[in-house]
Amino acid sequence: MISAASHVDRIACIKIVLDHVEPAVWRRVEVPLTTTLRGLHEVIQAVMLFENYHLFDFTIEIDGQSRRYGIPDPDGWIKLSDAKNTKLGPLTDRGLKRFAYTYDFGDNWEHTLTIEAIGDADPGLEYPRFVDGARRAPPEDVGGIPGFEEFVEAMAKPRHPERKRLIEWYGRVFEPEDIDLPNIKANVAKLARRRAIGKAAFAKSRPSES
């Protein structure tokens with residue numbers, strides 16, 4: 001059995017691709033293997049610039065068995081394992097390479113996540129870390145894939161009858177090629193700071209060796 005200690009100071013490089021959208025909307029991130037699936041959800045929200053007010057789940061298949069992870073339904077209608085109790089490291093140890101993430105069961109934003117590499121963390125960097133990506137993700141509550149396609153089309157045509165209304169709804173012109181790097185970096189930096197504070201608090205709580 002691989003020990004949890006082996007996951008400390010190790011990272012996974014993960015490519016996140018929004019399904020069913022062309023040209024592709026994608027992000028690449030580096031996250032510690034000690035990250036929970038709930039934490040990975042927060043990373044995806046940060047780099048896609050979603051607002052984290054809808055439900056989500058991960059679907060993971062290992063050894064021919066499929067399991068969904070998210071926020072458990074107290075009524076038991078949907079069987080979900082708790083995403084905050086499952087970390088990446090044990091999943092990668094069991095051979096996980098690709099898995100699915102869905103955000104907002106109304107708009108149904110489906111993503112494919114691919115673990116491209118696992119390696120040692122750079123002690124000079126903070127994690128999680130945004131690496132690169134392309135194209136802006138859909139705004140919240142735009143109406144799923146059909147709504148997003150209509151939204152992008154209207155924004156691209158100055159004389160489109162819906163353009164003015166959609167600009168007012170969105171708050172500005174939608175620029176599909178602009179991923180809004182400053183906001184992505186600010187969002188990820190907040191997660192990295194929170195992790196650093198947590199690590200420092202944990203280290204402080206441990207009894208010192210005499």
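What you see is a predicted model; the values in this text were computed from it and never measured.
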For R94, which residues count as a side chain to side chain contact (heavy atoms under 4.5 Å, CB included) partner, sequence neighbours excluded? I62, D63

E162 vs R165, salt bridge (Lys or Arg N to Asp or Glu O under 4.0 Å): CA-CA, chis, key distance, verdict: CA-CA 5 Å; E162 290 293 299; R165 180 185 67 82; 2.5 Å; yes

Check the pair E177, R136 against salt bridge (Lys or Arg N to Asp or Glu O under 4.0 Å), reporting the backbone distance first and the verdict last. CA-CA 6 Å; E177 298 292 341; R136 184 172 293 227; over 6 Å; no

Quick one: does any side-chain atom of [X] pair with a main-chain N or O of [Y] as donor and acceptor, under 3.5 Å?
X	Y	answer
R68	F58	no
D107	W109	no
Y103	I44	no
R98	L113	no

Not counting sequence neighbours, list each pair that qualifies as a ring-ring contact (aromatic ring centres under 6.0 Å, His included) and has a residue in residues 25-48. H41-F56, H41-Y101

Verify salt bridge (Lys or Arg N to Asp or Glu O under 4.0 Å) between R28 and E116, making sure each step is shown before the conclusion. CA-CA 9 Å; R28 180 173 286 112; E116 298 182 316; 2.6 Å; yes

Gap between atom NE2 of H111 and atom OG1 of T102 - 0.5 Å precision: 8.5 Å

Non-hydrogen side-chain atoms of L91 and T86 separated by less than 4.5 Å: yes

Can a donor-acceptor pair be found between the side chains of H20 and E110 at a distance below 3.5 Å? yes

Hydrogens and angles aside, do Q45 and Y53 bring a side-chain donor and acceptor to less than 3.5 Å of each other? no

My understanding is that only residues two or more places apart in sequence, or in another chain, count here; which of them pass salt bridge (Lys or Arg N to Asp or Glu O under 4.0 Å) with R38? none

Classify the ring geometry of F174 against Y170: parallel below 30°, tilted from 30° to 60°, perpendicular beyond 60°. perpendicular

